[in-house]
Undergrad: 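Got a structure for you, questions after.
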There are 2 protein chains.
Amino acid sequence: MSFTYRYARPALTVDAVVFGLDDEDLKVLLVERAGEPFRGTWALPGGFVNVGEDLEVAARRELAEETGLRLADAYLEQLYTFGAPGRDPREHVVSCAWYALVNIRDHEVRAATDAADARWWRVQALPDLAFDHAHILEVAGERLRGKVRYRPIGFALLPERFTLSQLQHLYETLLGRGVDKRNFRKKMLALGFVVDTGETETDVPRRPARLYRFDEARYRQLEREGFEMWV
Amino acid sequence: MSFTYRYARPALTVDAVVFGLDDEDLKVLLVERAGEPFRGTWALPGGFVNVGEDLEVAARRELAEETGLRLADAYLEQLYTFGAPGRDPREHVVSCAWYALVNIRDHEVRAATDAADARWWRVQALPDLAFDHAHILEVAGERLRGKVRYRPIGFALLPERFTLSQLQHLYETLLGRGVDKRNFRKKMLALGFVVDTGETETDVPRRPARLYRFDEARYRQLEREGFEMWV
DNA sequence: AGAGCTTAGTGTGCACATAACACTAAGCAC
DNA sequence: GTGCTTAGTGTTATGTGCACACTAAGCTCT
């Protein structure tokens, strides 16, 4: 079967930049390519968009197919569309890139279709990447660093219940600088959408911390009222 | 001549949302469609991307072809890629939308290829639009309103030399609210990249105002030093 | 020439937000 | 119960945002 058009068309793909956070670092999910071109090279999960398929749906599908990861309550947003001729050695391929923030512990990752392997890599120590994926990752990193300061998207990187220390560690990691503990806690609690669950950590070899959660409904309410956060 | 592929491909287009400002309002450049579908309906200028053509180049080309407008020192940025199946009645068409800010007086507009007419419309009083272009325009408006507050992109809407009153009018129009004259002037001049040219207006039936210009080199310098604006 | 019109241009004070800073509290391990 | 580790807490100084009203300068019209 084949498809014929009156004019030549660039191919259209989606790629996903999935960020995760563990106790140490910011990580990104990559797959090792099983097919040509760039066989054996690490790359962002992604692939061709089907006709009649929404771009976001395509991004989720390719991600699930190649890494086994299904985005549920993760944060997912379109990043940018990369269309420079020559970015794919085969032909002109335009890629609509998306980025996602997930809690690493919630998601089992396994290599699948078209991928020889799939695993998390430290953003600070990436392998060589296929295509222009290093560039895409750079753009994604900038967007993440920029956006986390005025939108509460970072919470998607944490478990549902988290301590203020974890939240602070998250911001320090993303912003790349330390912040003052007292000021940070004051500011976060003053925002009004980081709420105390009444629970505390268990099984930790030290004083247990209170557990908080991100109250999304409250955030949306405040947003409607014209409130603005700035970290 | 025709082109055959192993798998079906969505078509790929670019659309341009060009904003301009005159003494009264924020305007947007639209074309009246000369061909089907939506013949006779107003739409964003745009069209199919050629194979081997960069997306930004395609956006500029389509804009020039349909409206005669050539973006030189205008601000141009990718907006979002719209790919919902059904957004074009013919088939699955994915559109990479761009938005631009230009100084209306610098640009002559005339209908050309594929367009029966081309003209500026007040953003507040738009006609019915073809495809999902009303939605694209809405997204563009949000982006503009958001971005103008922390990036000095608004200057692209003004002539090279402008008065602080013009600049204030610009911000008031974009933000949709009045601002205090004294505070506005203090803040703008404190930024350091709005510089006095030493000249003043001529031929105005009132006290002439000083003319300022946007010093882009200075802005880039400050940006590198980690400075941040916020209006 | 002078009166009137129109927009340009200017400073202060108060309220609030940010940033710097160090010690006690609580639970666990040994 | 001692020691270790991280949790949790307030005050002060400084800077920024915001409200607010009058004089200055050039032109027009008579």
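In this text, all values refer to a predicted model and were calculated from it rather than measured experimentally. Just so it is clear: chains get the letters A, B, ... in the order the sequence lines come, proteins before strands, and each one is counted from 1.
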Undergrad: Generate the contact string for nucleotides 6-14 of chain C. Rules: B means base contact, S means sugar-phosphate contact only, - means no protein heavy atom under 4.0 Å.
TA: BBBBBBB--

Undergrad: For A:Glu56, enumerate each residue passing the salt bridge (Lys or Arg N to Asp or Glu O under 4.0 Å) test, keeping only those at least two apart in sequence or located in another chain.
TA: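 Scan of A:Glu56 (salt bridge (Lys or Arg N to Asp or Glu O under 4.0 Å), adjacent residues dropped) gives A:Arg60.
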
Undergrad: Which side-chain N or O atoms in residues 190-198 of chain B pair as donor and acceptor under 3.5 Å with protein atoms at least two apart or in another chain?
TA:
from: B:Asp196; atom 1: OD1; to: B:Gly198; atom 2: N; distance (Å): 2.7
from: B:Asp196; atom 1: OD2; to: B:Arg210; atom 2: NE; distance (Å): 2.8
from: B:Thr197; atom 1: OG1; to: B:Glu199; atom 2: N; distance (Å): 3.2
from: B:Thr197; atom 1: OG1; to: B:Leu211; atom 2: O; distance (Å): 2.7

Undergrad: Angle between ring planes, B:His135 versus B:Phe82, binned at 30° and 60°: parallel, tilted or perpendicular?
TA: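 Rings of B:His135 and B:Phe82: perpendicular, as their planes differ by over 60°.
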
Undergrad: Considering only residues two or more places apart or on different chains, which pairs with a residue in residues 94-106 of chain B satisfy side chain to side chain donor-acceptor pair (under 3.5 Å)?
TA: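 Applying side chain to side chain donor-acceptor pair (under 3.5 Å) to every pair that reaches into residues 94-106 of chain B, excluding sequence neighbours, yields B:Thr13-B:Ser95, B:Asp15-B:Ser95, B:Glu77-B:Tyr99, B:Asn103-B:Asp106.
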
Undergrad: Taking only residues two or more places apart in sequence or in another chain, which ones pass salt bridge (Lys or Arg N to Asp or Glu O under 4.0 Å) with A:Asp132?
TA: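 For A:Asp132 the salt bridge (Lys or Arg N to Asp or Glu O under 4.0 Å) partners, ignoring immediate neighbours, are A:Arg87.
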
Undergrad: Could you tell me which residues satisfy salt bridge (Lys or Arg N to Asp or Glu O under 4.0 Å) with A:Asp25, sequence neighbours excluded, listed by chain and number?
TA: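 With neighbours one apart ignored, the set is A:Arg122.
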
Undergrad: With sequence neighbours left out, what residues match B:Ala130 under side chain to side chain contact (heavy atoms under 4.5 Å, CB included)?
TA: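 Counting only residues at least two positions away or on another chain, B:Ala130 forms a side chain to side chain contact (heavy atoms under 4.5 Å, CB included) with B:Arg33, B:Phe38, B:Thr41, B:Ala43.
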
Undergrad: Checking A:Glu228 now: which residues fulfil salt bridge (Lys or Arg N to Asp or Glu O under 4.0 Å) with it, not counting sequence neighbours?
TA: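 By the salt bridge (Lys or Arg N to Asp or Glu O under 4.0 Å) rule, A:Glu228 matches B:Arg149.
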
Undergrad: Using distance only, find each side-chain donor-acceptor pair of residues 174-187 of chain B under 3.5 Å and give its atom names and separation, not counting sequence neighbours.
TA:
from: B:Asp180; atom 1: OD2; to: B:Arg182; atom 2: N; distance (Å): 3.2
from: B:Asp180; atom 1: OD2; to: B:Asn183; atom 2: N; distance (Å): 2.9
from: B:Asp180; atom 1: OD2; to: B:Asn183; atom 2: ND2; distance (Å): 3.4
from: B:Asn183; atom 1: OD1; to: B:Lys186; atom 2: NZ; distance (Å): 3.3

Undergrad: Quick one: side chain to side chain donor-acceptor pair (under 3.5 Å) partners of A:Glu201, sequence neighbours excluded?
TA: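 With sequence neighbours excluded, A:Glu201 shows a side chain to side chain donor-acceptor pair (under 3.5 Å) to A:Arg206, given in chain and number order.
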
Undergrad: Taking only heavy atoms on the protein side, list every residue of residues 222-231 of chain A lying under 4.0 Å from any atom of DNA chain D, sorted numerically.
TA: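 Correct list: empty, so none.
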
Undergrad: Angle, rounded to 10°, between the helical axes spanning five pairs at each terminus of the helix from C:dA1-D:dT30 to C:dC30-D:dG1?
TA: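 The end axes of the helix from C:dA1-D:dT30 to C:dC30-D:dG1 are about 10° apart, to the nearest 10°.
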
